[in-house]
Amino acid sequence: MSVAPSIDPDRIGFDPARLARIDEHFRRYVDDGRLAGWQIVVTRRGEIAHSSTYGMRDLEAGAPVEQDTLWRIYSMTKPVTSVAAMMLWEEGRIELTDPISRYLPEFADVRVYDRGSLLKPYTVPAVEPIRIWHLLTHTSGLTYGFAQVSVVDGLYRAAGFDLGVPTGADLAAASQGLARLPLLFQPGSSWNYGVSTDVLGRLVEVVSGQRLDAFFAERIFGPLGMTDTRWWVDEADAKRLAALYAPHPATGKAFRADTIGRAALAEPTWHSGGAGLISTAADYHRFTQVLLRGGELDGVRLLGPRTVRFMTRNHLPDGRDLASFSPEGFSETVLDGIGFGLGFAVVQDPVPARVPSSVGEYYWGGLASTAFWVDPVEEVTALLFTQLMPSSTYPLRPQLRQLVYSALVD
């Protein structure tokens, strides 16, 4: 499936010469070796204004990035899982205020880290149950082992929860294992990026009676025609998969991260609702268009428009932003002026980030530097795909924003 431009950019308010700056800028990342290759798509009012590829999907094989290149989207899986949960909410099968222990009894008696060391942690009972809205907003107290910021992160790693889960665990076993670990904070009292959406994926399984991959295929990917989005790549499509890279510690140039990258070539034992998907630009473009259009695309409706608007408002208590509601040490993104909704970061005030955007724009990205945003004010969506981890290596996302918004001239 192609994502070729569908309209002259100047007909929808873009200056073509200014849009061309996007490619000029990002080519430099490839030409000097920092990135292997990339793919970018920019739309407005449902029309593709700019679509480009550059560089290699596989440097060692000399294979270029093409329209149908497959990308590990990692945490861009989270909005898909959040949409799945809200589809069940619209059917009246869950309430956002439900304790998750109603569906996942392993979370009935969770404890919270209070003080102490990795060898001698001291915990206290949770005074508030983890609720479904806590999972959607990352205010549950769950974390990531690979964050390596807190004692709780270390406890996750010791239990086998680092970039993945203990060997052989499925989503049910992973959920049970996570429930035995202490929370980083009392539910609802702070914001922290972690495995909340993986647990949400398990909740979708229990409520729907389907495995997460089956629910996605039947309720989201199939109806939307997202035929290339999957959990792993078989031999027939392996050549389309972009290789995974990391910056060389001495030169800064991209070098192959084979150990982590090979995981995409085998069927997973668990389906990570937080980071498990592989997709194409064309497929994820369709997903962003569903969001922009209020839950519907080409006659297929996943969500009602009021639900999408509700999901993309800031749900942090008292209208707080992430800077004031996150534990020390979290620096994945610029947090000032950014709230969090039900599955998305939400711009409350673009000024503190020093990058133009609209109030109400929502977005997220993935570990390998992929990113998307949806701007319902300007009716703009943008997609960036590359395969360099970690995502904080270069300021690719704010740079794409400044280039896209400075090309809008109407």
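Note that the coordinates shown come from a computational prediction; the quantities given were computed from them, not determined experimentally.
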Applying side-chain hydrogen bond (donor to acceptor under 3.5 Å, both in side chains) as the test, list every pair that has at least one member in residues 340-359; sequence neighbours left out.
N314-Q348, S358-D375
By ring-ring contact (aromatic ring centres under 6.0 Å, His included) - contacts of H271 (at least two apart)
W231
Are the charged groups of [X] and [Y] less than 4.0 angstrom apart, N to O?
X    : Y    : answer
R21  : E24  : no
E361 : R401 : yes
D237 : R240 : yes
D318 : R320 : no

Checking side-chain hydrogen bond (donor to acceptor under 3.5 Å, both in side chains) for the pair Y193/S75: CA distance, chi angles, key distance, verdict?
CA-CA 11 Å; Y193 196 47; S75 287; 2.7 Å; yes
Any side-chain to backbone donor/acceptor pair from [X] onto [Y]? Under 3.5 Å, distance only.
X    : Y    : result
D283 : T280 : no
T43  : G46  : no
R34  : K253 : no

Are side-chain N/O atoms of S140 and S196 paired as donor and acceptor at under 3.5 Å?
yes
Is there a donor-acceptor contact under 3.5 Å linking the side chains of R111 and T123?
yes
Would you say the ring centers of F26 and Y54 fall short of 6.0 Å from each other?
no
Pair W38 and Y29, ring centroids less than 6.0 Å apart
no
Distance-only check: which donor-acceptor pairs under 3.5 Å involve side-chain atoms of residues 144-156, not counting sequence neighbours?
residue	atom	partner	partner atom	Å
Y144	OH	K78	NZ	2.7
S150	OG	V152	N	3.3
S150	OG	D153	N	3.1
S150	OG	D153	OD1	3.2
S150	OG	D153	OD2	3.3
D153	OD1	T143	OG1	2.9
D153	OD2	Q148	N	3.4
D153	OD2	V149	N	2.7
D153	OD2	S150	N	2.9
Y156	OH	T143	N	3.3

A quick test of your reading: do over 12 heavy atoms of other residues, nucleotides or ligands sit less than 6.0 Å from [atom1] of [X]?
X    : atom1 : result
R256 : CZ    : yes
E235 : CD    : no
R301 : CZ    : yes
R45  : CZ    : yes

Only residue of W133, F325, F310, F344 satisfying ring pair (Phe, Tyr, Trp, His ring centres under 6.0 Å) with H315 is F310
Name the one of F287, F340, Y284, W373 that satisfies ring pair (Phe, Tyr, Trp, His ring centres under 6.0 Å) with W364?
F340
Criterion side chain to side chain contact (heavy atoms under 4.5 Å, CB included) against L277, the qualifying member of W71, W232, F221
F221
